[in-house]
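Read through the structure below, which is laid out as structure tokens, and then see the notes.
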Amino acid sequence: MRLDAGSKGNHMTLSEELTKLEELHQRGVLNDEEFARAKARVLQGQPSVAASSAAAAINALRRSHTDRWIAGVCSGIAHTTGIETWAWRLLFAMLLLCGGAGLVVYLLMWIFVPSD
């Protein structure tokens, strides 16, 4: 038997949705209050909170003080996304070779993303 956690087009089971919320909470993307509200919505059968989770992830983005080479942008993104820091550094280096896009994006994030 399959229990759907959200709207008609959502194919995640209730347990998958709760597991995803718990992972976001453990990574610090959702604070305790956001986690409790999202969990209550899922258990009540209301639509998924993917949009609010994305907004929470963006708001939780911080530059790292501990794992930084230049400004801590890549390690901050790594902490938020769960992807290794070296992969983000490689991506920014590759974007640097594409007309300097990596440098522009990195500088903008250095300016606009607060440090932790």
Side-chain angles (χ1 to χ4, degrees):
M1 182 166 110
R2 185 177 173 101
L3 296 173
D4 285 330
S7 63
K8 195 186 235 183
N10 189 356
H11 298 293
M12 290 184 74
T13 64
L14 183 62
S15 63
E16 290 171 337
E17 187 78 18
L18 290 173
T19 301
K20 188 176 194 178
L21 286 173
E22 179 63 32
E23 289 173 7
L24 290 171
H25 184 244
Q26 287 177 352
R27 286 193 329 213
V29 175
L30 296 175
N31 64 31
D32 292 336
E33 181 182 329
E34 293 168 330
F35 174 70
R37 283 194 315 244
K39 185 177 173 183
R41 274 185 267 186
V42 169
L43 292 174
Q44 293 171 359
Q46 294 180 0
S48 176
V49 293
S52 64
S53 296
I58 291 170
N59 290 334
L61 182 60
R62 300 285 185 263
R63 292 183 293 117
S64 174
H65 271 111
T66 56
D67 180 23
R68 66 188 323 172
W69 281 5
I70 299 173
V73 170
C74 293
S75 56
I77 297 171
H79 175 73
T80 303
T81 62
I83 298 173
E84 295 290 329
T85 306
W86 65 266
W88 286 107
R89 289 178 179 142
L90 181 63
L91 178 66
F92 274 101
M94 289 188 321
L95 286 173
L96 179 64
L97 300 175
C98 296
L103 180 62
V104 172
V105 171
Y106 192 91
L107 289 174
L108 288 172
M109 291 186 77
W110 188 352
I111 293 168
F112 293 110
V113 173
S115 61
D116 60 0

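Hydrogens, waters and symmetry mates play no part in the numbers below; they use all other heavy atoms, side chains included. Residue indices begin at 1 and follow the sequence shown.
Note that CD1 of I83 and SG of C74 are 11.5 Å apart. Values are rounded to the nearest 0.5 Å. To the nearest 0.5 Å, atoms CZ (R37) and CG (L21) are separated by 12.0 Å.
Applying the ring-ring contact (aromatic ring centres under 6.0 Å, His included) test to every pair with at least one member in residues 67-103, sequence neighbours left out, gives these pairs: F92-Y106. For residues 103-115, the set of pairs meeting the salt bridge (charged side-chain N to carboxylate O under 4.0 Å, His left out) definition, not counting sequence neighbours, is empty. Pairs passing the salt bridge (charged side-chain N to carboxylate O under 4.0 Å, His left out) check and including a residue from residues 103-115, sequence neighbours excluded, do not occur. For the salt bridge (charged side-chain N to carboxylate O under 4.0 Å, His left out) condition, no pair includes a residue of residues 90-114, sequence neighbours left out. For residues 85-103, the set of pairs meeting the salt bridge (charged side-chain N to carboxylate O under 4.0 Å, His left out) definition, not counting sequence neighbours, comprises D67-R89.
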Could you give me the CA-CA distance, side-chain angles and deciding distance for M109 and V105, then say whether side-chain contact (heavy atoms from CB on, under 4.5 Å) is met? CA-CA 6 Å; M109 291 186 77; V105 171; 4.1 Å; yes

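Every residue meeting the side chain to side chain contact (heavy atoms under 4.5 Å, CB included) condition with Q26, not counting sequence neighbours, appears here in chain and number order: E22. L95 pairs by the side chain to side chain contact (heavy atoms under 4.5 Å, CB included) definition with L91, not counting sequence neighbours.
Through direct or indirect side-chain contacts shorter than 4.5 Å among Ile, Leu, Val, Met, Phe, Trp and Tyr, F112 is connected to V104, L108, I111.
Classification of E23 and R27 as a salt-bridged pair fails, no side-chain N sitting under 4.0 Å from a carboxylate O.
Taking each heavy atom of S75 and G72 in turn, the nearest pair found is OG-O, 3.2 Å.
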